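All of these numbers come straight from a predicted model, not from anything done at the bench.
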Amino acid sequence: MMQRSEPPPQPAERPLPRLRRALGRLRHGAARIRRPQVMGRWHRGLSYLWHLLVWSRIAAGRAGALPIELPAAMLRAKGIALAPPHLEASHHPDAGAVTAGFAEIYALLFANLQRADLLSSTRHAIPGPAFRGVYLWDSAFIAQVWRWWDPTVAADVLNAVVELRDGDRLQHVVTEFHESPYTQPPLIAWSLARLAEQLAAPRARALAERDFDALDAYQDWLSRHRRLDSGLYAWAHPYESGVENAPRFSNTDESALRRTDAIAAVDFSSYVVLQLDALATLAARIGRETDAARRAAEAEALRRRIDSLLWDERDGLYYDRDGAGSPVRVATIASLLPLWAGVPDAARAERLVARIMAAEGFGTAMPLPSVARDEPQFERDMWRGPVWLNTAYGVILGLQRYGYQREAAELAWRLCVGVYRVFAAERRIYEFYDPDQHHTRHLHRKRGNRWKALTLGTGPQKDFVGWTGLANNLLFEVLLGLDLRGERLRLCPRLPQAAQGLGLALRLPQQDLQLRLTSAAAGVTGSVSQAGRSADFSAGYGATIDLHAVLHGATEGNTPCASAT
């Protein structure tokens, strides 16, 4: 009798999880030993040198070798089935820059995606070649860029942060051999809730069920360890904020860092509102109505505290308050973030918007600098003046939340075109940008800090899409007003005067959707194709186009677009 043939042996996968757990225990134990009170500055300095100067250079990412158009075989190597969104611009002076910059962002996004490895059991993202680790708020924004290409990757990027938590604390950064004792802006729940909106209901529910308890516990951890008696939140260290050399916290080279653990931080408190709102949404999605109501009530209470304790009537801005309750009077991007969190009433929002749009405030050529242009402490050095796309993106979402759609579109256009123009001139996507010029020649990185110059260079990091990839999101979400939540397929174009004549041909493989449109003074004209159907459309500025309806015979959109929330 013929013996049944045995299937060929499969490669054993067990050693990798064991190695990952062992490395995690080693990393975690070393972090405990390396606490500042135990080992001191020299050991931490040498450790930092290894992780950022040596390890990051050994494992550098793109290195100029990746084609801007990604072959299918290369995509499959990282488990990606679909090509990225594709855009061709025409009939405008910036058309070439828009086409190339848009594509480069996705090329870098792919290059910085890491396969499951000894660090993480899922795919995870690094912000750029010099930052070889899983970073908390970077991952939140990177997932937002990925959701327009592949939501499954976006979910993995977020889950990597959750998986690498230390107890209930989400960590600032974790690398193969190092973990931080700090946290970072708590935006993972916010990012997860936005991602879930774009998915079909069963998939969105599964995503919420997977991570809700961990994120809910993280909020409780923040309340125990970072909340002041006032109910507001304070950073344990400037590095937790992500904006460490901002004039709120330090001088340019960080030789004088303030103690932040008694400072009621306007940005931290606003981020927590966003997290609480997101937790309420996620809880409702999985049927936990009691949790949803509790977190929603906490969000409203925190909004009231921010508005009553951090608003400065004289300047019309929100400021940190020090331990004595005095305002830290410097106008930074943090002063505007309560708009994103829905804190101010209409009158206070109007005052913020006036400051945002003023050229001497935050309405610079490339808008929303990290410090207002007319501040005496403004300089072109990291968080002391340059433009960062992540915080700028948050402020633009805040403008939309309060119905300032035209202003949001104007700023979004200038940000997008700024990123794309700099890429056209220098062939790089950067970490931060000059608010006055479309080049990076005058930018600095903590000037005078020799250690930073040695480890990370003297200017912005290159090939960085940790949040600069949000330029493409601004084009989708603000300038085109694409709404793909659930079963929706809507367009709400708000291309400003400066974009007149611009032609755009956009392909979204995830939705099997192709759009062509041309911007004119009165609005847009264009066509849509999907699943073998095609149709033409036209609409005025800021009017909703239901693309499903257009594909079935409608030709005009006349409904005003809803404000973002």
Side-chain angles (χ1 to χ4, degrees), residues 31-32 34-37 41 44 47-48 51-52 127 131 133-141 161-162 164-175 178-191 215 217-228 230-251 254 256-276 302 306 310 319-323 328 330 332-335 337 340-341 370 382-384 388 390-391 394 431 446 449 452 456 466-467:
R32 295 296 182 197
R34 285 197 304 267
R35 288 293 187 260
Q37 63 269 29
R41 185 176 300 172
R44 285 181 285 131
S47 174
Y48 192 79
H51 298 306
L52 288 184
F131 298 97
V134 174
Y135 288 78
L136 197 164
W137 76 328
D138 303 70
S139 296
F141 293 115
V161 178
V162 176
L164 291 168
R165 64 192 183 277
D166 176 16
D168 291 334
R169 175 179 62 95
L170 299 190
Q171 302 197 69
H172 164 200
V173 59
V174 184
T175 72
H178 166 76
E179 61 182 35
S180 169
Y182 301 119
T183 189
Q184 240 191 349
L187 291 170
I188 297 298
W190 164 82
S191 188
L215 293 171
Y218 173 51
Q219 172 58 41
D220 289 338
W221 185 91
L222 289 176
S223 295
R224 292 193 304 271
H225 297 282
R226 297 293 185 269
R227 188 168 59 185
L228 301 171
S230 64
L232 300 172
Y233 288 77
W235 304 110
H237 187 279
Y239 271 78
E240 280 200 336
S241 71
V243 301
E244 59 275 1
N245 85 323
R248 301 157 59 207
F249 298 142
S250 76
N251 58 353
E254 296 182 318
L257 288 170
R258 295 185 69 177
R259 277 195 60 182
T260 56
D261 56 3
I263 296 175
V266 64
D267 49 356
F268 197 173
S269 300
S270 298
Y271 295 140
V272 172
V273 170
L274 292 169
Q275 172 159 274
L276 289 166
L302 184 52
I306 296 170
L310 301 184
Y319 290 135
D320 295 348
R321 290 294 191 274
D322 64 19
V328 181
V330 56
T332 73
I333 196 76
S335 297
L337 292 180
W340 184 13
S370 47
M382 285 197 70
W383 291 101
R384 303 180 73 84
W388 297 70
N390 55 344
T391 49
E431 183 184 14
K446 301 177 183 176
N449 187 323
K452 293 298 181 184
L456 290 171
W467 39 65

*Hey, could you give me the OG/CG distance between Ser223 and Leu302, rounded to the nearest 0.5 Å?*
9.0 Å
*Can you check side chain to side chain contact (heavy atoms under 4.5 Å, CB included) on Leu170 and Trp221, steps first, answer last?*
CA-CA 9 Å; Leu170 299 190; Trp221 185 91; over 6 Å; no
_Test ring pair (Phe, Tyr, Trp, His ring centres under 6.0 Å) applied to Trp383 - qualifying residues, sequence neighbours left out_ = Trp388
*So, for Ala256 and Asn251, which heavy atoms are closest and what is the spacing to 0.1 Å?*
N-OD1, 3.1 Å
*For the residue pair Arg227 and Val272, establish whether any side-chain heavy-atom pair is separated by less than 4.5 Å.*
no
*asked:* To the nearest 0.5 Å, what is the distance between CG on Asp168 and CD on Gln219?
replied: 11.5 Å
_Pairing residues for Ser191 by the side chain to side chain donor-acceptor pair (under 3.5 Å) criterion, not counting sequence neighbours_ = Gln144
*Heavy atoms only: give me the nearest Leu232-Ser269 pair and the separation to one decimal.*
CB-OG, 3.7 Å
*Kindly give the heavy-atom pair with the smallest separation between Asp320 and Ala265, and that separation in Å.*
OD1-CA, 3.4 Å
*asked:* As a quick check of understanding, evaluate side chain to side chain contact (heavy atoms under 4.5 Å, CB included) for Tyr218 and Thr183, giving each step before the final call.
replied: CA-CA 10 Å; Tyr218 173 51; Thr183 189; 2.6 Å; yes
*Any idea which heavy atoms bring Ala234 and Ala262 closest together, and the distance?*
CB-N, 4.4 Å
*With His172, which residues qualify under side chain to side chain contact (heavy atoms under 4.5 Å, CB included), at least two apart?*
Tyr135, Ser180, Tyr182, Gln184
*Arg248 and Val330: which non-hydrogen atoms are nearest, and at how many Å?*
CG-CG1, 3.8 Å
*With sequence neighbours excluded, what pairs up with Asp322 under the side chain to side chain donor-acceptor pair (under 3.5 Å) test?*
none
_Qualifying residues under side chain to side chain donor-acceptor pair (under 3.5 Å), relative to Thr391, sequence neighbours excluded_ = none
*For Tyr233, all residues meeting ring pair (Phe, Tyr, Trp, His ring centres under 6.0 Å), sequence neighbours excluded*: Phe268
*Under 3.5 Å: donor-acceptor pair, side chain of Gln171, backbone of Leu164*: yes
*Kindly indicate whether the side chain of Ser241, heavy atoms from C-beta on, has any atom under 4.5 Å from the side chain of Thr260.*
no
*Which atom names give the shortest non-hydrogen contact between Arg169 and Pro181, and what distance separates them?*
NH1-C, 3.3 Å
*Is there side-chain contact between Arg258 and Val328, with at least one heavy-atom pair below 4.5 Å?*
yes
*With sequence neighbours excluded, tell me which residues meet side chain to side chain donor-acceptor pair (under 3.5 Å) with Trp235.*
Asp267
*Who pairs with Arg384 by salt bridge (charged side-chain N to carboxylate O under 4.0 Å, His left out), at least two apart in sequence or on another chain?*
Glu379
*How would you list, by chain and number, every residue that makes a salt bridge (charged side-chain N to carboxylate O under 4.0 Å, His left out) with Asp138, sequence neighbours excluded?*
none
*asked:* Whether the side chain of Ser250 engages the backbone of Glu244 through a donor-acceptor N/O pair (distance < 3.5 Å, no angle test) should be reported.
replied: yes
*Contacts of Ser335 that satisfy side chain to side chain contact (heavy atoms under 4.5 Å, CB included) - sequence neighbours left out*: Leu317, Tyr319, Thr332
*With sequence neighbours left out, write down each residue that passes ring pair (Phe, Tyr, Trp, His ring centres under 6.0 Å) with Trp340, or none if nothing qualifies.*
Trp190
*Sequence-distant partners of Arg226, salt bridge (charged side-chain N to carboxylate O under 4.0 Å, His left out), two or more places apart*: Glu240
*Do you know which of Leu187, Leu222, Val266 makes side chain to side chain contact (heavy atoms under 4.5 Å, CB included) with Tyr271?*
Leu187
*Less than 4.5 Å apart, any side-chain heavy atom of Val173 and any of Phe131?*
no
